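Just below is one structure, and these are the notes that go with it.
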Amino acid sequence: MKRIVAFVLLMAALCVQMSANEVNLIGNVPARKAMSLNGDWNYIIDVQEEGYYDYRMNVTQWGFFQNAKPQRPEDLVEYDFDKSPTMKIPGDWNTQDDRLFFYEGTVWFYKKFKVDSSELREGIRKLLYFGAVNYEAIVYVNGRREGRHVGGFTPFCFDVTDRLKAGENVVIVKVDNKRNVSNIPTVIFDWWNYGGITRDVLLLEVPTVYIENYKIELAKADAKAKQRDILVSVQLNQQKAGETITLSIPELKLKQTLTTDAEGKAATTLKVSSKTLSLWSPQNPKLYKVDLTINNETLSDDIGFRTIETRGKQILLNGQPIFLKGISMHEEKAHGGGRANCEADARELLGWVKELGCNFIRLAHYPHNEYTVRLAERMGLLVWSEIPVYWTIDWKNAATYDNARRQLTDMIHRDQNRANVIIWSIANETPHSNERDEFLGNLAQHARTLDTSRLISMAMEVTGASNYKNRLRDNMNKWVDVVSFNQYIGWYRDVNDAPKMEWEIPYEKPVIVSEFGGGAKAGYHGPKNQRWTEEFQENLYIENTAMLDKIDGLSGTTPWILKDFRSPRRVLPEIQEYYNRKGLFSDNGEKKKAFYILQKWYEGK
Ligand code: GCU
């Protein structure tokens, strides 16, 4: 009996020790003092999770996270990270090891790094930050479990200060990308399930009391207003009153001192003359350097000032109607697939977006990496950002809802200061039900509690009401600012009937066609009724753009999709070969004929 009690107490202790050291998401990571842990990481493919469970499927104390080494010649240790292969981090495992192309399961990652004793001084905290890990990460530092994170496209970080030691330290991450019906996304989705540590890993250095996040936005105002209000709110990492924060925007000659309240918050409104403020727009992506200083530590960011709102069926940017000339895009490198994860990747893909003549981009179907959002902001590209509440989610599962809500919260907290982000999307093509309406309605309301300066939308579906009448009927219309829907006239239905189509969208709100398109294999030519030829796709774009011109209240579109992308659902030999071929560019960066149709249509917009 005593042995059982001891075991239970040990497990309880482990659980307490295993309690996550996760800290709230820290904003503006690019401006923080950081040591990069990017580079070569050793990895072990662990199909049966031998490194986590014993042979009775109990979580073992002697797992791979202990990084054990034989101490005596007779010792038995059946793994060795230092002798295991390496791969580049950030990076998905599917495109770095042929054995992992289709793999869905656990891979362990291992990285040694040095910390100088001077970095472990009083008043300094060390945060271990991950830009994203798909799908589940369990993180250990020097053998201690720091915590667990789920969700493959949003950042997270742990305070590891009291675990680090001067000299060599070890971080080990158990990554598991197995799909699960209660995950977000669920078990089926039309993109590749790239697994691994797919974005940057950084060891951040912050003072004990630091600016955790902030929000700086331009208040809406009448177009003729002579003065504009810049709303500022700042949040410390601690509920500490009396901390002094100096805020300055040198180019606008604005400077103000704020003092935090008992919750560690501070807020103010800066007044600026309309004449001197240059508003951010696609034509003028003006950013201002903003400095936030606390205890002689300055955090700088580049902030754009603009307003986005709707009026009837119009979307207004800085009070003026705008047509969103967009394109949808997955987060995949321009050539050969694999997760895009650096500035160079973003530059190549967004260069294509600009060449197409776009002012808008739908980052489908999940939050993309921060490089892409920030570069798009500098290039004057407006952004639709989305969480992967995609298709047939486990609507009745409270844990699933909490997961979606957490991903939505982190997406907003990471990018809430990016002027180019104008739409938060909470879903894509979800089947109608009361549970789904409640789930998404709650998400929409939650988004509004976090951010009232942007629009809420989601990609809905139209139903063919009769032969040529298309009707949008979705209870979610009351929760969104912009009604958006996907339609595939000419591809999944009515191949030759686009010109006859009529559209019934009974909502006094702007409309975005968030997807239309069709597939083509680059270089495959033939008559325009021959499926998969470039001519078929070209004709589809000719007919669809003409049809879109007839949709009342159309405020924009993001055709599907910039480039061919990997999908396990697309298996047609010689044509798809595990690629979705609806791209205007091939998976090797070749333009297809349809590219020029959309480019020309946008020129006329
Ligand atoms: C759907 C879905 C996309 C998918 C596309 C297609 O609308 O939103 O994720 O890739 O259609 O069928 O190609």
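What you are looking at is a predicted structure, and each value in this text was computed from that prediction instead of being measured. Because only heavy atoms are used, hydrogens play no part in the values below, and waters and symmetry mates are left out as well, while side chains stay in. Note that ligands are numbered from 1 as they come in the structure, with each ligand's atoms numbered from 1 the same way.
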Partner residues of K500 under the salt bridge (Lys or Arg N to Asp or Glu O under 4.0 Å) criterion, sequence neighbours left out: D497

Option set H330, E515, R570, Q487, criterion heavy-atom distance to atom 8 (O) of ligand 1, minimum: E515

H365 neighbourhood, listing ligand 1 atoms whose heavy-atom distance to it stays under 4.0 Å: 3 (C), 8 (O), 9 (O)

D92-T95 side chain donor-acceptor pair, cut-off 3.5 Å: yes

Pair E136 + K178, salt bridge at N-O below 4.0 Å: no

Sub-4.0 Å heavy-atom approach of F565 to ligand 1: yes

Proximal ligand 1 atoms for N428, defined as those under 4.0 Å from one of its heavy atoms: 2 (C), 8 (O)

Protein contact to atom 4 (C) of ligand 1 [nearest heavy atom, distance to 0.1 Å]: D190 OD2, 3.3 Å

Salt bridge present between R570 and D564 (N-O < 4.0 angstrom): no

Protein heavy-atom partner closest to atom 7 (O) of ligand 1 - residue, atom, separation in Å: E429 OE2, 2.3 Å

F485 contact mode with ligand 1 (heavy-atom cut-off under 4.0 Å): neither

Residue and atom name of the nearest protein heavy atom (relative to atom 13 (O) of ligand 1), distance in Å to one decimal: K582 NZ, 2.7 Å

For N486, the ligand 1 atoms whose distance to one of its heavy atoms is below 4.0 Å: 7 (O), 8 (O)

Ring geometry between F585 and W352 (parallel below 30°, tilted from 30 to 60°, perpendicular above 60°): parallel

For ligand 1, the portion of Y390 having any non-hydrogen atom under 4.0 Å away: side chain

Proximal candidate to atom 5 (C) of ligand 1 [heavy atom criterion; set F516, Y488, W491, Y492]: Y488

Atom OH of Y578: over 12 foreign heavy atoms under 6.0 Å: no

Salt-bridge contact D549-K605 (side-chain N to carboxylate O under 4.0 Å): yes

Sidechain N-carboxylate O distance under 4.0 Å for K478, D437: no

Side chain, backbone, both or neither: the part of I561 lying under 4.0 Å from ligand 1 by heavy atom: neither

